[in-house]
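Predicted model only: the values in this text are computed from it and were never measured. Every chain is numbered from 1, with letters handed out A, B, ... down the list of sequences.
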There are 2 protein chains.
Amino acid sequence: MTPQRRAIIQVLLESAGSHPTAEQIFTRVRDVMPDISHATVYNTLHELVEMGTLLELNLGMREQRYDINTTDHAHLICLGCGRVEDVPYDSEALTLSPEHTHGFQVVDCRVIFRGYCPACASQERHLRSSG
Amino acid sequence: MTPQRRAIIQVLLESAGSHPTAEQIFTRVRDVMPDISHATVYNTLHELVEMGTLLELNLGMREQRYDINTTDHAHLICLGCGRVEDVPYDSEALTLSPEHTHGFQVVDCRVIFRGYCPACASQERHLRSSG
DNA sequence: TCTTATTTTAGATTAATCCTTAATTTATAT
DNA sequence: ATATAAATTAAGGATTAATCTAAAATAAGA
Ligand SMILES: [Mn+2]
Ligand SMILES: [Mn+2]
Ligand SMILES: [Zn+2]
Ligand SMILES: [Zn+2]
């Protein structure tokens, strides 16, 4: 456990719920530790993911998002601006019946609702009516 | 409608169920049309996605996967090798209750089961017992 | 055919992520 | 405390999927 890791974990805890990207985490850590390197942030994030204390979310917006909240939940993402919200979901309702596992050892299930947030939805409406 | 597009669509139809990456599609198209460019493949894929006749899947393995099967289904992906299988799912069981939409216009829902295919699971076991 | 709009192309560019390697830091054992 | 070994960090280069650019080619329409 090094000062760098402490700082990274601190930032993750402070940004709980915001689903930051690796770059955003890097920037926030650099505020308190200006000499930290890119590689250290990436390495530490991967280690935390490996340990199971951090979720790496691929929500389809190019960059990975990180989530310190490892409780069972789904995500709602805005296809316009990338805004992410946590949403509850019933993990019981989503179990793969044995005849459909193809012999896989199933580890988990990710659920992503996609749509447009109020801001992006109104913008889209405006674009459509004017174009 | 150009010969390039016809060739790309042909490849997509032939590879139904294999969830190819853009690069794999590019390679297969190049077999029958050696001078086709990268940009044309990407442009065409994006147009088909825009039209709604092709799904762009972010299964978390770096590259996007494309799926000509636009019927309601979920995916099962191997975290080891990237193998993808289609799995049925009950879309009725997954509707976001109004109090959890945060005002979003919800477009769709993506469900991804993650795990290890038989080959990768046995490999992992081997690695663990020997390391 | 002639004109216009669209599409294609090659190559450069971007941007996130990963890798390499040497220096530093931390942990462990005298 | 000191020496040794192991783990971590930093700088910057490499990688790579994807995007952009601008000119050339092609398709569509009159
Ligand atoms: Mn979350
Ligand atoms: Mn599929
Ligand atoms: Zn939005
Ligand atoms: Zn596998």
- [ ] Say whether B:L48 and B:V107 are linked into one hydrophobic cluster, either directly or through other cluster members, by side-chain heavy-atom distances under 4.5 angstrom.
- [x] no
Task: Partner residues of A:R114 under the salt bridge (Lys or Arg N to Asp or Glu O under 4.0 Å) criterion, sequence neighbours left out - done: B:D108
Open item on the list: My understanding is that a hydrophobic cluster links ILVMFWY residues whose side chain heavy atoms are under 4.5 Å apart, including indirect links. Using that, what else belongs to the cluster containing A:V84?
Closed with: A:L55, A:L57, A:L59, A:M61, A:I77, A:I112
TODO: May I have the distance from A:E50 (atom CD) to D:dT8 (atom P), rounded to whole angstrom?
DONE: 13 Å
- [ ] Only counting residues at least two apart or in another chain, list the ones meeting side chain to side chain donor-acceptor pair (under 3.5 Å) with A:H46.
- [x] none
Task: Rounded (10°) bend between the five-pair end axes of the helix from C:dT1-D:dA30 to C:dT30-D:dA1 - done: 30°
Can you list, pair by pair, the side-chain donor-acceptor contacts under 3.5 Å of residues 6-15 of chain A, counting residues two or more places apart and other chains?
residue: A:Q10; atom: NE2; partner: A:E14; partner atom: OE2; Å: 2.8
residue: A:S15; atom: OG; partner: A:V11; partner atom: O; Å: 2.7
residue: A:S15; atom: OG; partner: A:L12; partner atom: O; Å: 3.4

- [ ] Indicate for each nucleotide in nucleotides 10-19 of chain C, in 5' to 3' sequence, whether protein heavy atoms under 4.0 Å reach the base (B), only the sugar-phosphate (S), or nothing (-).
- [x] B-----SBSB
Task: salt bridge (charged side-chain N to carboxylate O under 4.0 Å, His left out) pairs, two or more places apart, involving residues 75-91 of chain A - done: A:R83-A:E85
Task: All side chain to side chain donor-acceptor pair (under 3.5 Å) counterparts of A:R30, not counting sequence neighbours - done: none
TODO: With sequence neighbours left out, write down each residue that passes side chain to side chain donor-acceptor pair (under 3.5 Å) with B:N58, or none if nothing qualifies.
DONE: B:Q64
TODO: Would you mind reading off the distance between B:L45 atom CG and D:dT19 atom P, rounded to a whole angstrom?
DONE: 10 Å
Task: Nonpolar side-chain network containing A:L94, other nodes, edges under 4.5 Å - done: A:L76, A:V87, A:Y89, A:L96, A:F104, A:V106, A:V111, A:F113, B:L76, B:V87, B:Y89, B:L94, B:L96, B:F104, B:V106, B:V111, B:F113
- [ ] Go along nucleotides 21-29 of chain C 5' to 3' and tag each nucleotide: B for a protein heavy atom under 4.0 Å from its base, S when only backbone or sugar atoms are that close, - otherwise.
- [x] -----S---
- [ ] Grab the CZ-C1' distance between B:F26 and D:dT19 for me, whole Å please.
- [x] 15 Å
TODO: Could you tell me which residues satisfy side chain to side chain donor-acceptor pair (under 3.5 Å) with A:R110, sequence neighbours excluded, listed by chain and number?
DONE: none
